[in-house]
Chemist: 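Quick one: the structure is below, and I'll ask about it shortly.
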Amino acid sequence: MSITDRLKEILYQRYLVWLCRPARLSRHLRSVLPGPITPAAVDRKKIRAAALQIELKLYKDPLDYADEMHRRVKEAYEAGAQLVAFPEYNNLPLFGLLPGIDKMEEVYGQNIEEGPGNDAVNSISLADIFSFMTPAVSPFIEVLYSAMARAYGIYIMAGSYPLAEKDGLVNRSFLYGPDGRLIGSQDKVHLLPVEAEWQLKRGSSFSHFDTSLGRLAIPVCMDATYYETFRILESRQVDIVILPIANLEEYNYWLALRGIWPRVQESVLYGIKSALVGSLAGFTFTGRAGIFAPLEITAKCDGILAEVERSDSEAMAVADLDLDALHQLRRNHPWRDHNPALFRRDRKDLSS
Amino acid sequence: MRVAALTLAGLEMNSLENYRKSLLALLQQTGANLAVLPAYSSVLIGFSTGNLPPRQKFKDIMHDPPFEYGEWLKTFLDLSASIARELKIYLVPGSYFNRESGCSFHSACCFDPEGNMISKQKQTHLTREEREAGLSRGEELNLFTVGDLKAGLIIGNDARHPETGRILALKGADLVLHCGALEAGFNCWPQAAGIWAQVQQNQFWAVEAQLSGKLAGRIFSAAPIIHGPCEITPGQSGYMARGYPDNSYASAWLDEPARRNLIKKYPLLQFLNPEAYGELN
């Protein structure tokens with residue numbers, strides 16, 4: 001990269017930081033958000049959750065993105081939700097702030113199998129863009145989701161965001177409380193092959209958070225492909241797992257079933273799946289947001305409390321979670337068992 | 001390799017000889033090199049052929065199974081070995097109760113085409129009912145060779161515990177053979193939450209045999225299924241073949257090069273993150 005190009009890059013990054021500056025966003029939010037609403041009383045037998053399906057659109061102004069996310073939070077709040085979940089890669093809509101993004105989309109779109117052609121775009125990966133945008137995006141999303149959680153007195157799982165850390169890029173989800181406080185975050189522990197190619201740094205542990213809605217955890221997408229994630233969370237008595245996804249594949253019912261649904265059945269907890277759908281830069285995301293429970297405590301014994309109909313457009317799934325029913329099932333579970341001796345032997349065998 | 005999962009539906013069981021004849025005919029009809037029978041097969045056949053005294057309640061079978069041990073179990077296993085030998089197939093004859101060191105187990109085994117028992121497996125995770133009945137858990141899961149494939153057995157309630165499939169997969173399983181029996185009146189979802197889910201997160205094949213019929217007052221009904229990773233199955237469903245509970249069997253050819261190619265392209269187990277699993281036990 002020439003000195004001129006590097007200088008342009010730095011200047012543009014500073015422009016993005018300026019455009020996304022918290023003071024500008026806060027000023028805007030003060031004019032659109034309601035005054036802080038007192039959180040609704042928690043009924044352990046009826047915790048209403050909303051899983052959002054966000055349709056990917058690009059925004060030229062970050063305040064338009066904020067307005068859109070606010071529209072979805074308001075919609076969920078008006079549906080009675082005390083807990084709202086956003087999807088994985090929830091900063092992709094902010095790629096619209098980049099000059100020439102349309103061109104990049106065209107190039108990637110034509111060459112999705114082989115990668116982009118011989119072009120300036122050639123050497124730029126999505127990971128590069130996430131890193132480039134982190135200084136602007138990171139404070140922006142913190143202010144946005146914190147303010148919305150506080151304004152509506154609800155819990156918001158803000159989705160996940162690839163963000164540059166000192167030692168690499170991480171895919172991190174965030175949970176905000178009804179007082180606007182950041183309750184915690186979780187780095188994605190299991191990567192997609194493409195994320196591994198981007199040299200994303202994977203998380204090395206799972207977190208859980210005690211809240212007035214029960215014990216929550218917020219692993220990310222592929223973490224639900226591996227039973228180990230949910231088994232660990234179950235062993236910590238987690239009640240609700242909130243999973244942001246952005247599935248990079250054409251929608252197929254069975255392919256989509258492979259994530260959170262079987263994990264909820266194996267590990268006896270509630271699961272909330274929020275999905276990003278739509279296309280960008282040749283990548284197509286599909287999914288169906290939903291709220292899942294063990295077969296034994298769903299009306300049709302199908303493990304589904306609510307699931308949106310469409311896999312490619314905006315939607316919202318809303319359902320009530322009954323923590324007492326979940327705990328009752330755990331206490332008297334008909335088939336769950338634990339075999340530490342098998343595990344010990346297995347570890348010994350595999351390590352040898 | 002062609003595999004078949006049986007339900008025992010429609011087999012003649014009024015005598016051991018008739019059972020043998022009708023099972024031989026059915027197995028020939030499937031054309032399978034490997035066949036799996038469902039859980040509780042030995043008890044059902046024992047009752048139906050008059051080799052075991054009948055029981056009114058299913059729970060009595062587990063609470064008081066000693067009648068199962070000894071002569072009948074030997075007869076059942078000898079019969080199974082002879083069928084495997086006669087058809088020159090691998091045969092998992094379903095499950096049985098056995099005793100070892102004073103403990104009762106729910107177990108299954110596999111015979112090779114020469115009629116040799118090449119693997120024995122105890123169920124490792126018990127239902128509440130099985131625990132209350134005093135059954136004990138097996139403490140290991142082992143692989144054995146079936147043609148060019150490495151196989152493992154998953155019995156009954158082990159299907160719902162993903163630890164079993166993962167242990168077998170990490171040991172190198174290409175194929176899992178399941179002897180199942182699910183009570184009627186539910187739907188397809190327990191099977192999806194069981195072996196189907198295990199196949200998808202481990203990328204192996206599975207032959208899921210499910211019992212269809214009435215046993216000591218309890219009705220069992222679930223579909224016989226041949227599973228594979230979604231990407232290499234029709235409609236990306238994860239099902240190579242899926243029968244109805246009243247079908248006698250489901251069968252399919254396993255395209256092993258396709259499975260290996262899938263794993264080469266997307267090696268799911270390579271993306272495990274053991275660093276994060278320290279507290280699993």
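Note on naming: letters A, B, ... go to the chains in the order of the sequence lines (proteins, then strands), and numbering restarts at 1 for each one.
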Chemist: So what's closer than 4.5 Å to chain B heavy atoms on A:P193: side chain, backbone, both or neither?
Modeler: both

Chemist: Please give me the minimum heavy-atom distance between B:R166 and A:Y226, naming the atom from each residue.
Modeler: NH2-CD2, 3.5 Å

Chemist: Is A:R236 in contact with chain B via its backbone, its side chain, both, or neither, using a 4.5 Å heavy-atom distance?
Modeler: side chain

Chemist: For A:E250, look at atom CD and say whether over 12 heavy atoms of other residues, nucleotides or ligands are found less than 6.0 Å away.
Modeler: no

Chemist: Which answer fits A:N252, side chain, backbone, both or neither, if we ask what part of it has an atom under 4.5 Å from a heavy atom of chain B?
Modeler: side chain

Chemist: CG/A:L233 to CD/B:E279 distance, rounded to the nearest 0.5 angstrom?
Modeler: 8.0 Å

Chemist: Ignoring hydrogens, what is the shortest heavy-atom contact between A:L191 and B:F271? Give both atom names and the distance.
Modeler: O-CD2, 3.3 Å

Chemist: At their closest point, which heavy atom of A:R202 faces which heavy atom of B:L272, and how far apart are they?
Modeler: NH1-O, 3.2 Å

Chemist: Taking atom NZ of A:K201 as the centre, does the number of heavy atoms from other residues, nucleotides or ligands within less than 6.0 Å exceed 12?
Modeler: yes

Chemist: For A:E249, I'd like to know if atom CD has over 12 heavy atoms of other residues, nucleotides or ligands within 6.0 Å.
Modeler: yes

Chemist: By a 4.5 Å heavy-atom criterion (distance strictly below it), what part of A:S205 contacts chain B: side chain, backbone, both, or neither?
Modeler: backbone

Chemist: Is it the side chain or the backbone of B:N187 that comes within 4.5 Å of chain A heavy atoms, both, or neither?
Modeler: side chain

Chemist: What is the distance from atom OG1 of A:T225 to atom CG of B:L268, rounded to the nearest 0.5 Å?
Modeler: 6.5 Å

Chemist: When heavy-atom pairs shorter than 4.5 Å are enumerated against chain A, which of B:G194, B:C230, B:A192, B:G138 gives the highest number?
Modeler: B:C230

Chemist: How close do B:G235 and A:W254 get, heavy atom to heavy atom, and via which atoms?
Modeler: O-CD1, 4.3 Å

Chemist: Are A:W335 and B:H125 an aromatic pair, judged by ring center distance below 6.0 Å?
Modeler: no

Chemist: At a heavy-atom distance under 4.5 Å, which candidate from B:A197, B:S237, B:G238 has the highest pair count against chain A?
Modeler: B:S237

Chemist: Give the intermediate values and the outcome of side chain to side chain contact (heavy atoms under 4.5 Å, CB included) for residues A:R258 and B:W196.
Modeler: CA-CA 9 Å; A:R258 297 191 293 190; B:W196 183 89; 3.6 Å; yes

Chemist: At a 4.5 Å cut-off on heavy atoms, which part of A:Y227 comes close to chain B: side chain, backbone, both, or neither?
Modeler: both

Chemist: Please give me the minimum heavy-atom distance between B:N273 and A:V189, naming the atom from each residue.
Modeler: ND2-O, 2.9 Å

Chemist: Determine whether B:Q200 and A:P262 make a side-chain contact, defined as any pair of heavy atoms from C-beta on separated by less than 4.5 Å.
Modeler: no

Chemist: A:D337 pairs by side-chain hydrogen bond (donor to acceptor under 3.5 Å, both in side chains) with which of B:R128, B:Q123, B:R137, B:H161?
Modeler: B:R137

Chemist: Tell me the closest heavy-atom pair linking B:W189 and A:C301, and the distance in Å.
Modeler: CD1-O, 3.7 Å

Chemist: Heavy atoms only, distances under 4.5 angstrom: which of B:A193, B:C188, B:P274 has the most pairs with chain A? Name it, please.
Modeler: B:A193

Chemist: For the pair A:N339 (side chain) and B:E139 (backbone), establish whether a donor and an acceptor sit closer than 3.5 Å, ignoring hydrogens and angles.
Modeler: no

Chemist: Under the side chain to side chain contact (heavy atoms under 4.5 Å, CB included) criterion, do B:Y266 and A:L192 qualify, and how do the steps go?
Modeler: CA-CA 9 Å; B:Y266 196 163; A:L192 279 168; 3.7 Å; yes

Chemist: Among B:Q270, B:E130, B:Q198, B:R131, single out the residue with the greatest number of heavy-atom pairs under 4.5 Å to chain A.
Modeler: B:R131

Chemist: Between chain B and each of A:M222, A:Q265, A:K300, A:H333, count heavy-atom pairs under 4.5 Å; write down the option with the most.
Modeler: A:H333

Chemist: Is there a donor-acceptor contact under 3.5 Å linking the side chains of B:Q201 and A:E266?
Modeler: yes

Chemist: Is there a side chain to side chain contact (heavy atoms under 4.5 Å, CB included) between B:Y277 and A:E228? Walk through the geometry before answering.
Modeler: CA-CA 7 Å; B:Y277 308 151; A:E228 288 84 354; 3.5 Å; yes

Chemist: Given that the side chain runs from C-beta out, which part of B:P190 has a heavy atom under 4.5 Å from chain A: side chain, backbone, both or neither?
Modeler: both

Chemist: So what's closer than 4.5 Å to chain B heavy atoms on A:H338: side chain, backbone, both or neither?
Modeler: both

